[in-house]
Every structure is written in C-alpha cells, then in structure tokens.
Amino acid sequence: MGRRRFGRHTVDTSREEKTLFPEADLTKGDLIDYFTRVFGSMKPHLADRPLSLRRYPDGIRSEGFFQKQVPDYFPSWIRSTRVRKEGGHQDLVIADRQATLAYLANQACITLHGWLSRADRPDHPDQLVIDLDPAGRDFGAVRQAALRCRTLFEELAVPSFVKSSGSRGLHVTVPLDRRATFDEARSFAQRFAGVLAARFPKELTTEQRKQKRAGRIYLDVGRNAYGQTVVVPYSTRARPGAPVAVPLRWDEVASRRLSPRRYTVRNLFRRLAQIEDPWQGFARSRILIRAAQRRLERLEDST
DNA sequence: TATTACC
DNA sequence: GGTAATAAGCTTCCA
DNA sequence: TGGAAG
C-alpha cells in the first residue's frame, strides 16, 4: 500500500509495481504518476464533464471493462453527476481534481471517455465531433480527410480543432455555444459529412456499413448524441507503447511525420514543455450551430 | 480493482 | 475461506 | 425485432 497526498485529499494506492503496459514496461505506479503530472493540461477538458471509465486491472492485454456508475466504495469526495438513462438514472464521475485522476489511475482506469456535454446541461453539447477512422493503416488518408474537414468548416466560418485519438484516427472538434440540442448538432454534422463525402467520393464516405466503404475514410458523426462519449485529451489508450490522445495544431496534421501513436506516456511531457496548447482558443471560439447550418444550406443549394 | 454471491 | 461473476449504452442501418 | 457497428 502506498499513499499520496493532494491538498485536502489522500489517495491510498495498491500494487503500484503491477505491469499494465508490458511492451512499454509501464506499471500502475507509472500510470498514477502520468495522470498526476498531466492533470494541469487535462483539467480544462475534464471540467464538469461526465465520464465513462475503461479499466484494465490485469493490463492492456486483457479485455478490461467499462464502468459508468460510480461504485459505493469510491471516496465521497469524488464528484459525480446524476444523468438519466433508459429506464432510470446513473451517477457518473466528474474528474475535476488531481486526486480524482490519481484515484482512477489506481483503479487501473487507463482510458477516460468524456461526454460531449457538461453536467449542468447534459442535452446541449459544447462540442461537435467528426471521428475519422482509417479503413486500413493509411494514416496519410486520415490526415488528408481531417484537412478536408477543416477546409469546409472554414468555408462555413466555423473554427475547428483536431486531436489524435491515440489509437488509429483523428478527431475534428468544433466548439459549440450550447444553444443547440444533440439532435440539431447531429443533423448538422450529418449534412456536413454528406457534403464533404459528395465532394470527395473516392476518399470519403458516410456509409456505416463496413462492406460499402471500399477503403474510404468513414466520417463518423454518430457520437454527436446524448450519452455518447469521445476520448478525453491526454487520456492514455490501452495500446502497446502507451499512446495518449493529443490536441494537435493543424500544421502538424499537414506533416507526413505525424503518426497516430506518436505521443506516449513516455514522451508527452517533452511536447508539453515545448509547445503552447494547440486548443488554446477553444472556449472562446464557441459557435451557434444555426448560423453554420444556414451557410451550409446555401452551399448545398449552390452545388 | 473491489465487492458481492455462492459453495 | 476460496472462487466466480460483475462493472455500458445511444443511434443508425439492414436482414 | 434483433444484431452489428462505431
């Protein structure tokens, strides 16, 4: 048993020597260190956001399991929020303290999935996400697809931000002012993806069926819905090498040197020391969907 | 990882 | 006392 | 209506 103090809160740790990432030779203690150290950078992305946890007490080679409902045994100082679900409700963790992240790491929680809305208005997303997943391992095509998204958003006067998921793809994210509901956000995202796929039919598709995608990049907008989540920036992923999800600058996406798992628990802090937060302007760039929707309709009419 | 159910 | 089971859910598409 | 998919 170890013990770590974070101001008013104390986290008891267990089995810190247990290996969670065998390829990277990282232990549970290393994961606790990582989350403790990265908390400052993660914090704005975690604020008031309900989470789903994915835990791997036996390491990343095991299946792990999702956890949403906060169990009784979590300490009472861990914040949670009650959300409705089909036939009832559920209390989800909000990780707004360094101590909470450390506690979750000790629970072998490797990946944090965050809602696209915040606890006070769970039906009103504060971000819209287009998830770009490659058919094979052609990351160049994913980079290209992300840049295509950016270009079309620019035509609509919509700011967009990009992060690597730390797994295979990229997420293009638009900050929203929360006046729209999930339904409005999703239908806008669907039309946006439709226009983009029509422009580049050989590269991009909105086909949900794998069979019909024919090697094209799938523009997945399905996450723009109540109760859906995306990986939180700087969360670790349960992959060999301990990659992390990382906010990127657009010029990095234009570079062939970018790879989907370039940043890891081992090398992230070098990056954080060198560059400014690529998502610095995120909160100040929040947009009203309806305005973008009107511009998209005009663009649809003229083509 | 931690708890509960069950033998 | 030991051992196994359990810890998620929303939307869309299509058979 | 149910399962796959993400």
Side-chain angles (χ1 to χ4, degrees), chain A residues 1-2 11-20 27-29 31-32 35 50-76 78 80-93 100-117 122-123 125 128-135 142 145 165 167-172 181-191 193-194 197 204-213 216-231 237-238:
Chain A
M1 275 307 226
V11 174
D12 288 320
T13 61
S14 58
R15 305 188 62 176
E16 290 200 30
E17 294 317 307
K18 186 167 182 179
T19 296
L20 296 184
T27 63
K28 190 145 72 79
L31 185 69
I32 298 169
F35 274 131
L51 299 177
S52 293
L53 315 175
R54 189 148 183 190
R55 298 173 53 194
Y56 297 81
D58 295 318
I60 64 166
R61 287 181 181 167
S62 72
E63 280 242 318
F65 58 89
F66 276 95
Q67 188 155 31
K68 299 180 123 177
Q69 174 65 46
V70 179
D72 289 339
Y73 64 80
F74 272 29
S76 57
I78 288 192
S80 65
T81 184
R82 179 156 293 188
V83 297
R84 62 167 207 284
K85 66 160 187 169
E86 197 166 298
H89 53 75
Q90 215 166 26
D91 304 297
L92 305 188
V93 174
T100 304
L101 276 195
Y103 183 86
L104 294 178
N106 185 61
Q107 290 288 298
C109 172
I110 288 178
T111 306
L112 304 177
H113 298 273
W115 280 39
L116 278 63
S117 56
D123 295 294
L128 178 150
V129 176
I130 313 240
D131 179 9
L132 306 170
D133 238 355
V142 182
S165 72
S167 181
R168 300 164 63 213
L170 294 170
H171 293 169
V172 177
T181 62
F182 272 112
D183 285 348
E184 294 170 85
R186 187 174 57 253
S187 75
F188 170 73
Q190 277 163 345
R191 298 178 72 164
L204 309 176
T205 179
T206 57
E207 282 293 350
Q208 201 175 8
R209 299 287 288 184
K210 262 184 173 173
Q211 214 181 23
K212 292 186 159 185
R213 290 189 204 154
R216 294 170 292 179
I217 302 287
Y218 175 45
L219 305 172
D220 181 8
V221 298
R223 297 185 139 91
N224 297 287
Y226 180 84
Q228 294 294 96
T229 60
V230 290
V231 65
R237 304 307 304 266

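Quick note on labels: first sequence line is chain A, next is B, and so on, each numbered from 1.
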Just how far, in rounded Å, is P of D/dG6 from CD1 of A/Ile217? 13 Å

Kindly state which residues belonging to residues 64-76 of chain A come within less than 4.0 angstrom of DNA chain C, counting heavy atoms of the residue only, listed by number. A/Phe65, A/Phe66, A/Lys68, A/Gln69

Could you check if a side-chain atom of A/Leu132 sits within less than 4.5 angstrom of a side-chain atom of A/Ile217, using non-hydrogen atoms only? yes

Listed partners of A/Lys85 passing side chain to side chain donor-acceptor pair (under 3.5 Å), at least two apart: none

Classify the nucleic acid contact of A/Gln228 as base, sugar-phosphate or nothing, counting any heavy atom under 4.0 Å across all strands shown. base

One pair to check against side-chain contact (heavy atoms from CB on, under 4.5 Å): A/Leu116 and A/Leu128. What are the steps and the verdict? CA-CA 7 Å; A/Leu116 278 63; A/Leu128 178 150; over 6 Å; no

Check: A/Glu184/A/Thr181 side-chain N/O donor and acceptor closer than 3.5 Å: yes

Span of DNA chain B, from the first to the last nucleotide whose atoms fall under 4.0 Å of chain A heavy atoms: B/dT1 to B/dT3

Just checking A/Thr229: base, sugar-phosphate only, or nothing, at a heavy-atom cut-off of under 4.0 Å? nothing

Separation between the P atoms of C/dA8 and B/dT4, rounded to whole Å: 15 Å

Validation row: A/Val231, A/Arg237 side chains within 4.5 angstrom (heavy atoms): yes

Rounded C1' spacing from C/dG9 to B/dT3 in Å: 23 Å

Would you indicate what A/Arg15 reaches in the nucleic acid, counting non-hydrogen atoms under 4.0 angstrom: base, sugar-phosphate, or nothing? sugar-phosphate

Give a yes or no on whether the backbone of A/Asp91 and the side-chain of A/Arg82 come within a donor-acceptor separation of less than 3.5 Å. no

Any side-chain donor-acceptor pair under 3.5 Å between A/Tyr56 and A/Arg54? yes

Mark yes or no for whether A/Asn106, through its side chain, and A/Ser14, through its backbone, hold a donor-acceptor pair below 3.5 Å. yes

Same-atom distance (C1') from B/dA2 to C/dC10, integer angstrom: 28 Å

Pairwise 5' ranking along DNA chain C for A/Tyr226 and A/Glu207, keeping only the more 5' one: A/Tyr226

With A/Gln107 via side chain to side chain donor-acceptor pair (under 3.5 Å) - residues at least two apart: A/Arg55, A/Tyr73

Boundaries of the DNA chain C segment in contact with chain A, non-hydrogen, under 4.0 Å: C/dA7 to C/dC14

To the nearest angstrom, how far is A/Leu132 atom CG from D/dG6 atom C1'? 13 Å

Quick test of your reading: applying salt bridge (charged side-chain N to carboxylate O under 4.0 Å, His left out), list the pairs with at least one residue in residues 217-227 of chain A, sequence neighbours left out, ordered by first then second residue. A/Asp131-A/Arg223, A/Asp220-A/Arg223

Return yes if some donor-acceptor pair links the side-chain N/O of A/Gln228 with the main-chain N/O of A/Ala225 below 3.5 Å, else return no. no

